[in-house]
Each structure stands twice: as C-alpha cells, then as structure tokens.
Q: 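Pasting in a structure now, in structure tokens, and then I'll have a few things to ask.
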Amino acid sequence: MITMGISTSHSPNTTAQQTTIPSWAIELRQKAEQRIEKMGLQPEVEAIAKGVSIGSRGAITPALRQKYSRCGAAHLLAVSGLHIGFIFFMINLALGGLALMRHGPIIRSGVTIICIWTYAAMAGAAPSIVRAALMFTLLQVALSLSRGGAPLNRLAGVAALMLLWNGRWLYDAGFMLSFISVAAIVEWGIPLTWWRFRHRDEWDKA
C-alpha cells in the first residue's frame, strides 16, 4: 500500500488529504495517464481529460481551475459518483445477456463490482467516490438477489441501509444527487434506451 496526497477540494490553497490506495491502482492510473498523453492533446485539454476520467488533477493549473470556478463548473474537473454510475450502467447493459444463463446474474454482478472498486481505487479513493462505490455495490447485490419488485424500491432500500450506517449523509448534497441520478437512469434512462433499440429504424429515418 502506498500513501499519497489527493486533494478533494477545487481550491488551490486547500491542504491535500492523505489517502491510502494500493500500488496496483497507482500503476493503473499511471498507465491511463500515459495513454492520454499519447493522444497528442493540447496541454489544457490533456489536463482536463486526466481530471475528468481518472481523477488526476496535478496538471490542472490554478488559472484553469479558476476559469471553471467562475462558470460554476469546477465539479466537472473531479471524479464523482456520476462516473461510478456510468460504469455500473454500461457494464450491466453490456452483460445483459448473462441474465439468460443459470449463474449469469451472479457473474454480471461480480464483474460489475470488481470494475467499480478498481476504478474507485484508481481514481484516488476519495470519500465521495468510496461512498458512491458502496452505493452501487449494494444496488448491484440487490438487483442480483431480487427476482421481483420495482427497481426504485430496491434503490430506496439501499439508501435506507446507507443512512442506517451514517444518518448524516441525508444532508450531504453528493449523496442526494447520486441517488437522484440513479433513480433518473432507472426510471427514464433505461426505458428510453430499450425504446431506442426497438424503434431504431424509425429513429434513423427521422
């Protein structure tokens, strides 16, 4: 295990917090940084790409951070629960066919949970990221064990379990926005995606 300083604030004057993450996660981040550097992007674009994809904000200058702060978009420069949600959604969508197999749901859940925590560690394992990873892990387990019931009820159950662990999360904006975004994906995003697949011919003609 390697201890490294990771800033969880957008302010350049904020003291970095010490977060312990495994060495293999640091190696994955370094390889991802090298892949981004090989793309030949402009310095500012490269810095933003590293920040929004793998949580590496060392190349983001105070001037660039100030520009985003003035626009009210400083949060876009950091990895958040939204990134974990994308991983959760895309892997479940890509491995949706496993649901037809006998042990398919268990395999899909295992792959999803491993990918979620691998990304969380690579992105720096900040408290907000770990909380989001925990939320989607519990949701994935609930989805794999449940054979009926509304997805929103399962999501509410996950929220209840997390609030039993720490009731103060109820007043945390990140916690609320994470669950609202997942609820929106479940209620509107997934149905719209399946509708798009079923009516792709009409959609392409339009």
Side-chain angles (χ1 to χ4, degrees), residues 25 28-29 31-32 35-36 48-56 73 75-163 165 169 172-200 202-204:
L28 282 178
R29 170 183 281 194
K31 291 180 180 179
R35 293 289 297 271
I36 294 175
I48 294 172
K50 290 180 180 180
V52 302
S53 60
I54 56 176
S56 179
H75 61 281
L76 297 178
L77 299 177
V79 173
S80 64
L82 181 63
H83 296 69
I84 305 294
F86 280 141
I87 294 175
F88 169 85
F89 176 71
M90 295 305 298
I91 295 179
N92 275 280
L93 185 63
L95 302 182
L98 291 177
L100 302 177
M101 299 173 56
R102 182 177 180 183
H103 300 294
I106 297 177
I107 297 174
R108 181 177 61 181
S109 295
V111 172
T112 303
I113 292 172
I114 291 174
C115 290
I116 285 174
W117 285 101
T118 298
Y119 180 78
M122 185 184 69
S128 59
I129 300 175
V130 172
R131 185 182 61 212
L134 176 61
M135 181 191 80
F136 283 104
T137 297
L138 292 175
L139 180 59
Q140 186 67 51
V141 172
L143 291 174
S144 63
L145 295 179
S146 177
R147 294 295 181 268
L152 289 180
N153 290 342
R154 302 170 195 163
L155 183 62
V158 171
L161 288 175
M162 294 185 68
L163 289 175
W165 177 264
W169 282 343
D172 186 276
F175 176 86
M176 299 297 293
L177 290 174
S178 296
F179 276 95
I180 291 173
S181 63
V182 175
I185 292 174
V186 170
E187 191 69 11
W188 297 303
I190 295 178
L192 287 175
T193 300
W194 285 115
W195 182 89
R196 170 69 175 84
F197 284 137
R198 289 196 299 266
H199 300 83
R200 58 180 176 272
E202 295 86 345
W203 184 273
D204 293 337

Q: Suppose we screen for side chain to side chain contact (heavy atoms under 4.5 Å, CB included). Which residues come up paired with Ala183, at least two apart in sequence or across chains?
A: Leu152, Leu155
Q: With heavy-atom distances below 4.5 Å as the criterion, would you say the side chains of His83 and Ile129 are in contact?
A: no
Q: Would you please name every residue forming a side chain to side chain contact (heavy atoms under 4.5 Å, CB included) with Ala132, sequence neighbours left out?
A: Ile84
Q: Check the angle between the aromatic planes of Phe88 and Phe136 and answer parallel, tilted or perpendicular using the 30° and 60° thresholds.
A: tilted
Q: Working to the nearest 0.5 Å, report the span between CD1 of Ile114 and OG1 of Thr137.
A: 11.0 Å
Q: Report the residues that fulfil side chain to side chain donor-acceptor pair (under 3.5 Å) with Trp169, sequence neighbours left out, ordered by chain and then residue number.
A: none
Q: Enumerate the residue pairs fulfilling salt bridge (charged side-chain N to carboxylate O under 4.0 Å, His left out) with a member in residues 83-96, sequence neighbours excluded, ordered by first and then second residue.
A: none
Q: Just verifying a value: how many Å separate Ile87 CD1 and Thr112 OG1, rounded to the nearest 0.5 Å?
A: 10.0 Å
Q: Atom CD in Gln140, atom CG in Leu138: separation rounded to 0.5 Å?
A: 11.0 Å
Q: Under the salt bridge (charged side-chain N to carboxylate O under 4.0 Å, His left out) rule, what pairs show up with a residue in residues 122-131, not counting sequence neighbours?
A: Arg131-Asp172
Q: Mind checking the CG-CG spacing from Leu161 to Leu139? Nearest 0.5 Å is all I need.
A: 11.0 Å
Q: If you measure from OG on Ser109 to NE2 on His103, what distance do you get to the nearest 0.5 Å?
A: 13.5 Å
Q: Could you list all the salt bridge (charged side-chain N to carboxylate O under 4.0 Å, His left out) pairs where at least one residue sits in residues 99-110, not counting sequence neighbours?
A: none
Q: If you take all heavy atoms of Cys115 and Ile91, which pair is closest and at what distance?
A: CB-CD1, 3.3 Å
Q: Distance from Lys31 atom NZ to Ile36 atom CD1, nearest 0.5 Å?
A: 15.0 Å
